[in-house]
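Reading through the structure tokens given below for one structure.
Numbering starts at 1 and runs along the sequence shown. What you see is a predicted model, and the numbers here were worked out from it, not measured in a lab.
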Amino acid sequence: MYDNKRALGTLAENLVYNYFKNAGSTVEFSKSEYDSQKDLLIDGEETEVKYQTIFHFFKSHTFGNSPIKAFTVPITSGHNKVVAQNQLDKCLNAKRWIVVQNPSDKLGEKTVKIWEAPVLGKRRFGLSLNSKDGRIVAGFPLSSFKLLADINDRSLYSKIKSLDFSKFS
């Protein structure tokens, strides 16, 4: 699973790199694979890239306990409530945060979407306990993200699904 997770992260970073490069931006990969602040520099701005499966029924008191679509970032890593590595900090503090969405087989989605989070300082989230795996997660409403691209590419979809380990997609 770890190798697939790493491969999906690399795939997402390359997809975002190519998207912005083709749009005329100056794009650089981080010099270090273990950079704690960014994955890419896009036009000189620190950018965090995440590959994520959308949480279709996220509930949080922050959003009135009504289910919403959200991207989630782990606060803890499981039932033992060990604090997850600095993922929330990176998503809140990178100048730009880009999400590559895992297509949902359950919803018949076959396209890969690229989203951009709200500007720095405007990223609202609520907390919730994921009842399926015991993690505490921060959920960011999909409605606050801007859709950058909706890519209909069968080979890309097939590659993603060959690596996908999510029980929720």
Decide yes or no on side-chain contact (heavy atoms from CB on, under 4.5 Å) for Leu127 and Val137, but give the supporting numbers first.
CA-CA 6 Å; Leu127 299 177; Val137 296; over 6 Å; no
Over all atoms of both residues, closest heavy-atom pair of Cys91 and Arg123
O-NH1, 2.6 Å
Which pairs, with at least one residue in residues 5-26 and sequence neighbours excluded, count as a ring pair (Phe, Tyr, Trp, His ring centres under 6.0 Å)?
Tyr17-Phe29
With a 4.0 Å cut-off on N to O distance, would you call Lys161 and Asp164 a salt bridge?
yes
I want to check something: taking the side chain as every heavy atom from C-beta on, are Glu48 and Ile98 in contact at a cut-off of under 4.5 Å?
no
Pairwise side-chain contact, Lys113 with Leu147, heavy-atom cut-off 4.5 Å (strictly under):
yes
So CG of Leu163 and CG of Leu8: to nearest 0.5 Å the spacing works out to 4.5 Å
I'd like to check the ring pair (Phe, Tyr, Trp, His ring centres under 6.0 Å) partners of Phe55; sequence neighbours left out, ordered by chain and number.
Phe58
About how many Å separate CD1 of Ile42 and OG of Ser25, when rounded to the nearest 0.5 Å?
6.5 Å
Does the Thr10 side chain pair with the main chain of Arg6, one donor and one acceptor, at a distance under 3.5 Å?
yes
Under a 4.5 Å cut-off applied to non-hydrogen side-chain atoms, are Leu92 and Lys90 in contact?
no
Check residues 149-156 and write down every donor-acceptor pair under 3.5 Å in which the side-chain atom is one partner and the other belongs to a residue at least two apart or another chain.
unit_1: Asp150; atom_1: OD1; unit_2: Thr111; atom_2: OG1; d: 2.5
unit_1: Asp153; atom_1: OD1; unit_2: Ser155; atom_2: N; d: 3.0
unit_1: Asp153; atom_1: OD1; unit_2: Ser155; atom_2: OG; d: 2.7
unit_1: Asp153; atom_1: OD1; unit_2: Leu156; atom_2: N; d: 3.0

Between Glu116 and Arg96, is there a side-chain N and carboxylate O pair less than 4.0 Å apart?
yes
Approximate separation, where rounding is to 0.5 Å, of Leu120 CG and Lys95 NZ
6.0 Å
Residues forming a ring pair (Phe, Tyr, Trp, His ring centres under 6.0 Å) with Phe125, sequence neighbours excluded:
Phe140
Same apolar cluster (I L V M F W Y, side chains within < 4.5 Å links), Val100/Tyr157
no
Spatial distance of atom CD1 (Ile54) from atom CD (Gln101) [nearest 0.5 Å]:
4.5 Å
Enumerate, atom names and distances included, each donor-acceptor pair closer than 3.5 Å involving a side-chain atom of residues 61-75, sequence neighbours excluded.
unit_1: Thr62; atom_1: OG1; unit_2: Ser60; atom_2: OG; d: 3.4
unit_1: Asn65; atom_1: OD1; unit_2: His61; atom_2: N; d: 3.2

Could you check if a side-chain atom of Asn102 sits within less than 4.5 angstrom of a side-chain atom of Ile160, using non-hydrogen atoms only?
yes
side-chain contact (heavy atoms from CB on, under 4.5 Å) between Lys122 and Val119: does it pass, once the steps are laid out?
CA-CA 6 Å; Lys122 300 285 186 183; Val119 298; 3.5 Å; yes
Can you name the residues that form a salt bridge (charged side-chain N to carboxylate O under 4.0 Å, His left out) with Glu109, not counting sequence neighbours?
none
Looking just at side-chain N and O atoms, do Asn18 and Asn22 make a donor-acceptor pair shorter than 3.5 Å?
no
Which atoms form the tightest heavy-atom contact between Gly134 and Thr76, and what is the distance?
O-OG1, 4.3 Å
Audit row: Trp115, Trp97, side-chain contact (heavy atoms from CB on, under 4.5 Å) steps and yes/no:
CA-CA 9 Å; Trp115 299 88; Trp97 174 24; over 6 Å; no
On a heavy-atom basis, which atom in Val112 and which in Leu15 lie closest, and how many Å separate them?
CG1-CD2, 3.9 Å
